[in-house]
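Here is the structure we will look at, set down as structure tokens.
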Amino acid sequence: MMLALAADHGGFALKEEVKAWLDEQQIPYKDFGTHDGASCDYADMAAPACDAVISGDCDKALLFCGTGIGISMAANKIKGIRAACCSDYFSAKYTRLHNDANVLCMGGRVIGPGAAIELIDVFLHTEFEGGRHQRRIDKIAALENR
Ligand code: RB5
């Protein structure tokens with residue numbers, strides 16, 4: 001399991017807190033920035049982390065901005081990415097079970113590190129259910145080719 005991490009300035013502090021937890025858990029990651037709190041644009045930060053998931057260099061991505069929304073919108077423009085912006089445990093769990101989400105987005109101005117870690121933990125340890133849900137995500141993929 002190799003993770004891709006990225007954030008804009010609004011998510012930078014939360015990304016750093018999450019990195020400390022990933023280090024403790026010995027979960028490997030590649031940090032695609034930003035590497036300080038200077039203002040930057042979330043779409044620029046989302047792209048290389050999502051590309052790493054699509055190429056297979058990374059298995060999943062964790063993305064952070066102020067709300068988690070802008071960076072999830074950007075991520076979902078990338079073919080093959082199913083990004084979920086979550087701030088509650090149920091959604092983080094079910095976006096794996098039902099949507100096979102490969103990117104979890106969180107807002108550094110919305111949730112603190114304790115909640116983020118709970119969301120990440122369940123996101124990383126929940127498998128896709130498949131079955132009828134596979135048909136549904138196939139239909140998401142079909143929308144990419146319209
Ligand atoms: C940056 O100020 C902020 O707009 C961004 O981090 C994010 O919240 C956008 O969705």
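Every number for a ligand or one of its atoms is a count from 1 in the order of the listing. The structure displayed is predicted, hence computed values, not measured ones. As a basis for the values below, the full set of heavy atoms in this structure was taken, side chains included, without hydrogen atoms, waters or symmetry mates.
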* Structure fact -> Across all chains, not counting sequence neighbours, the ring-ring contact (aromatic ring centres under 6.0 Å, His included) partners of His98 are Tyr94, His133
* Asked: Is Asp100 salt-bridged to Arg96, going by a charged N under 4.0 Å from an acidic O?
  -> yes
* Side-chain contact test, heavy atoms from C-beta onward, threshold under 4.5 Å: evaluate it for Ile111 versus Leu14 and give yes or no. => yes
* Asked: Quick one: are Lys15 and Asp31 in side-chain contact, heavy atoms under 4.5 Å?
  -> yes
* To do: Would you please write out the protein residues whose heavy atoms approach any atom of ligand 1 to under 4.0 angstrom, listed by chain and number?
  => Asp8, His9, Tyr42, Cys65, Gly66, Thr67, Gly70, Arg109
* To do: Check ring-ring contact (aromatic ring centres under 6.0 Å, His included) between Phe123 and all other residues, then give those that pass, not counting sequence neighbours.
  => none
* Could you identify which residues cluster with Met73, counting Ile, Leu, Val, Met, Phe, Trp and Tyr as linked when any side-chain heavy atoms lie under 4.5 Å apart, either directly or through a chain of such contacts? => Ile69
